[in-house]
Every structure is written in structure tokens, then in C-alpha cells.
Number of protein chains: 2
Amino acid sequence: MDAYEFIKEQIILGKFEPGMRLGEETLAKELNLSRTPIREAIKQLEAEGLVIPLKRGVGVRSFTKEDIRQIYDLRTLLESYAASQAAIHRTEDDLLELENANEQYEQAINHAVSLDMTGIRKIVNVNQKFHEAVVAASNNNHLYFHLSKVVVIPIVFRSFYWYNDFQLQQSLEVHKIIFEAIKNKEPERARIAMHEHIFQGRDNVLKHLDDIEISHLLKEEVK
Amino acid sequence: MDAYEFIKEQIILGKFEPGMRLGEETLAKELNLSRTPIREAIKQLEAEGLVIPLKRGVGVRSFTKEDIRQIYDLRTLLESYAASQAAIHRTEDDLLELENANEQYEQAINHAVSLDMTGIRKIVNVNQKFHEAVVAASNNNHLYFHLSKVVVIPIVFRSFYWYNDFQLQQSLEVHKIIFEAIKNKEPERARIAMHEHIFQGRDNVLKHLDDIEISHLLKEEVK
DNA sequence: CTCACGTTCATTGTATACAATATCAAAATC
DNA sequence: GATTTTGATATTGTATACAATGAACGTGAG
């Protein structure tokens, strides 16, 4: 398995926790590789900002609430722009991709009522598929390139744990609205709908981070 | 010297031309290093999109006119947002940085009337310093991080060759307007001024790329 | 008990050797 | 003459060995 993909996945899934040191020798043994390819993988992850210098080597970057806010604001800016551009430049093929992604999203939501690990992963994947399809339809490859590095943070993955059934249904509805706006070539409507959509995700995540903080404080008090 | 910095600089300055293959052994000899650190540098540059796979290894990425358009559009979006945020969040220290950058810009423009290589480099540096100061004042580190990877392309450096004295003076005036808007906490004015400013840069670059294209076509005809 | 210093040791940084393979070119086939 | 095959060669991919260095810990002085 590719070292870069592996380490990245472990970080996103939270298996490698924030602040955890990534020793080259340890990773090399775990992946049955020498240190050379490990070092190259780490250099890439460092360029993406997923790991940062720690002690002499690197460790998994931890994101503060302020980081999350900034990242979501950036994502809002980029994706709402992508949506408006998509409404201008979209082809028929783009529309098929978007519709397909939403159908899969609908299935994933209704199928995975239990919201277990595999169900969540499925939802995360097809949700991502829709958002990627919007960016792909925007006709700006560089936007796609940069956005792919903005979105991939552990917290985005985990955020779907915190969605209830109603919120998932609602998010599907917004996806459909965005799709319609792109289909009907209404850039402003697409932009605003996407803007609102991501802001809702942002608020949800930030609210739950507050809850976690509070529950941690309560635990401290018990001690 | 650090391999990453060296290769990056060569690409930005145009010493390593687009499409040129970057052989590990060659670079290693040139920098008196082994292949190991060279490979790591290349992996980083690849993650940033400055080099792309070519044959078995990598080569300097070449940017089409469409790429340039997309990159400038992205930069416009991000920097005009940065300007509006800067007008909200700027501190007194930020204002000092901005003012200082503009003073240096003014000096560089008036000093380097000849527009030789060192004069251009000076102008590029202080111009960048102003734009970075705006982003720094926006209070969004992630914006700063991503923007630093959007802007650094060879063409941006070269674009200053194509500015005449009047255009340089004009660009200084716009910098001052942006500064005033940020100082007076007028987000919308800052946003629009920055938007227009970068769009002018964009049009300038694209126009000159057309000229180059035409002159190349003429050369072909002569042959 | 606290802090400064120095030694030890784990870990990264770099070089080199070897293995794997894509590229290029020449020869063979159609 | 065009196309495919095949082999030589240059170049990357990986492993390993050694050098450099900084973090951790113990020791001793204040």
C-alpha cells in the first residue's frame, strides 16, 4: 500500500490522533517499507498542512476551533464560487454526474438508518462526490486542486456523526436545489444555496465542538 | 542550499523552463547532494503543483493561457475576500506593515526607472509584501497558506516586465486606496478595489500572452 | 528542591548500493 | 515503408548504512 495514502487515511479517520508523533522507523515497520518512501510521503503531507514539525520530526496537526472556522469560511467562499461558475459552464455530462451523486446520496441516507461506521463512510463519500461534481462542473481545474486540499481534514469526516436523520434529509433537499439552479443556469441562486449549505455544516460542527468542550470541562470537574 | 528552495526559485525565475525534465541525478550533482533530499524536494513541489509527472520522473509544469485565467480568477476571489476581512479585523500593527510595504513599493518604482532584472525583482518582492500584508491582516491563516500556493507561478513574476511606468504608478495608487479602505474599516470598498486591482493584472498578463502568441506565429510564417 | 550542565541515546538527515522498469533505438517482421 | 519486437541503457524506486543532531535524563551545584 502507498505510504502517503495510508498515513493520510489514518489521520482523516482519526486513527492517528492530533498531536501524535509520526516516527519514520515506526511507520516503516508498520507498512513493511524502508524509511525512504515514508519520508517522501511525510514531505507531501507536510506541504498539504496535514502534519506539522514536532520535536525533531513531524506530528499530526491538531485543528483548533478557530482553524475549523477559518477552513469552513474558506470552503464557503470557494464552493459557492464553484457553484455559481458551474451554473454558467456546466455541460450535460456534468448534470448527469450531479444527478447521479444525489441519487446515491439519497440511497445512502435512507439505507444507513443505523448510522454505524460503514454507513457514515458511505454518506461521507457520496456527499463528497456531489460537492466534487459541482467543482468539476465549474470549469476551473485550479479551484478543484486547491479545494481538495482545503476540505480534507479529520473534522469534516467526523461531522457526519453529528447529523440526525432530519438534518441529513434537509441536506439532501439543498443538494437538489443546488442541482436545479445549476441545471437552469441560475448562478446567483446556486451560489447562495451553496453558501447557506456549507454555513449550516459549519455551524453544526462548531456547535458540537462547543458541546465536546463543555463535556470535557465537566469531566475535569468530576476529577 | 536547500534543494526545495533552489528548484522552486529556478522555476519561478524561468531558469528551468516549462516542460523541462528534472532528472534527480542531474539536480543532485548541481547542488552537491545525494538523490535522497532531491526526491523529497520534488515530492513537495509536486504536491504544490509546480512540477508534474513527465516520462518516468517529473518536469516543470507549463501553464496554458486558460490556466493563467483560472489562477487569476481564483486569486481575485481569495484576495478580494482577504481585503474585506482585513478591513474588519486589522490591528494597528497590520496598518504599519501595510504602510511600510507601500512606502517600499513607491521607492522601488521610482528608483528602478530602468526596469532591469534586479529592479524588477525588487518591485516583485515589495508588491508581494503588500499583498501578503493584506492577507495577514485578514486574520485567516488558512487563507494565507493556500494563497501562497496559488500566487507563486512563473508568469506572475514575469508579468512585471510588461508594466510601463504609468501602470506601475497606477498600481501604487490602487494600493493606497486599498490601504485607506482597510484603515477606515470599509470592507466593501477594500474588496472591490482589490478585485479590480487583480483583474487589471490579469488582463495585462493575458493581453501580453496574446502578443507573444502572435509574435510566435509571425516567426513561424517567416520560417 | 530547582535549575544548569553534560552525557547518552533515539531519531532524523544524507549518501550509496542495488533492484526494478520505462524509454529509446535498432533490428526484424509484415 | 510502416509497425512490432526486443534488447541495451538510463533513470527511478527502495533498502541500508553511516553521520549529525537534538531531546531526555541523570548528575551535581547552588
Side-chain angles (χ1 to χ4, degrees), chain A residues 1-64 145 148-149 152-154 223, chain B residues 1-64 145 148-149 152 154:
Chain A
M1 187 177 187
D2 182 39
Y4 168 79
E5 297 287 347
F6 174 78
I7 300 170
K8 189 167 177 174
E9 183 159 296
Q10 298 304 305
I11 293 174
I12 289 169
L13 295 179
K15 301 281 176 64
F16 290 172
E17 289 183 17
M20 174 181 164
R21 190 137 184 296
L22 299 177
E24 297 174 4
E25 200 73 53
T26 316
L27 288 167
K29 247 185 278 179
E30 191 162 356
L31 286 160
N32 277 95
L33 282 168
S34 72
R35 277 175 51 216
T36 313
I38 302 290
R39 285 178 64 82
E40 286 163 9
I42 286 175
K43 277 284 182 311
Q44 289 179 74
L45 293 164
E46 211 177 344
E48 288 179 28
L50 232 62
V51 304
I52 51 170
L54 178 64
K55 306 263 175 86
R56 188 125 81 102
V58 298
V60 178
R61 171 161 188 183
S62 67
F63 292 92
T64 65
F145 179 80
S148 72
K149 274 152 185 73
V152 182
I153 51 167
K223 283 177 190 170
Chain B
M1 187 177 185
D2 182 42
Y4 167 79
E5 296 287 346
F6 175 79
I7 300 170
K8 189 167 179 174
E9 182 159 296
Q10 298 304 304
I11 292 174
I12 290 169
L13 296 179
K15 301 280 175 66
F16 290 172
E17 289 182 18
M20 173 181 163
R21 188 134 185 298
L22 298 177
E24 295 173 4
E25 200 75 53
T26 315
L27 288 167
K29 247 185 278 178
E30 192 163 356
L31 286 159
N32 278 96
L33 283 168
S34 72
R35 277 176 51 216
T36 313
I38 301 290
R39 285 178 64 83
E40 286 163 9
I42 285 175
K43 278 283 179 319
Q44 289 179 74
L45 293 164
E46 211 175 345
E48 289 180 27
L50 233 62
V51 304
I52 51 170
L54 178 62
K55 307 262 175 89
R56 187 125 83 104
V58 299
V60 178
R61 169 160 190 184
S62 67
F63 293 91
T64 64
F145 180 80
S148 72
K149 274 152 185 72
V152 182

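Proteins get letters first, then strands, A, B, ... in listed order; numbering begins at 1 in each. Computed from a predicted structure; not experimentally measured.
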Over all heavy atoms of both residues, which pair between E30(A) and F6(A) is shortest? Give the atoms and the distance, please.
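Where E30(A) meets F6(A) most closely, the heavy atoms are OE2-CZ, 3.9 Å.
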
Check this one for me: any side-chain N or O of S34(B) less than 4.0 Å away from OP1 or OP2 of dA15(C)?
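The answer is yes; a side-chain N or O of S34(B) sits under 4.0 Å from OP1 or OP2.
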
Any side-chain N or O of R39(B) below 4.0 angstrom from OP1/OP2 of dT12(D)?
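It does not, given that no N or O in the side chain of R39(B) lies less than 4.0 Å from OP1 or OP2 of dT12(D).
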
Among residues 18-32 of chain A, which contact DNA chain C at a heavy-atom distance under 4.0 Å?
R21(A), L22(A), G23(A), E24(A)

Does any part of the side chain of [Y], heavy atoms only, come nearer than 4.5 Å to the side chain of [X], both counted from C-beta?
X	Y	answer
E46(B)	P53(B)	yes
L45(B)	K8(B)	yes
I11(B)	V51(B)	yes

Working to the nearest 0.5 Å, report the span between CG of L27(A) and CZ of F16(A).
5.5 Å

Inter-residue atom distance I7(A).CD1 - L31(A).CG, 0.5 Å rounding:
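CG of L31(A) is found 6.5 Å from CD1 of I7(A).
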
To the nearest Å, how far apart are [X] [atom1] and [N] [atom2]?
X	N	atom1	atom2	result
K55(B)	dT9(D)	NZ	P	19 Å
D2(B)	dG13(C)	CG	C1'	12 Å
L33(B)	dG13(C)	CG	P	14 Å
L54(B)	dT11(D)	CG	P	13 Å

Closest nucleotide among dT16(D), dA22(C), dT14(C) to the R56(B) side chain
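Closest of the options to the side chain of R56(B): dA22(C).
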
State which of dG13(D), dC18(D), dA15(D) makes the closest approach to the side chain of R35(A).
dC18(D)

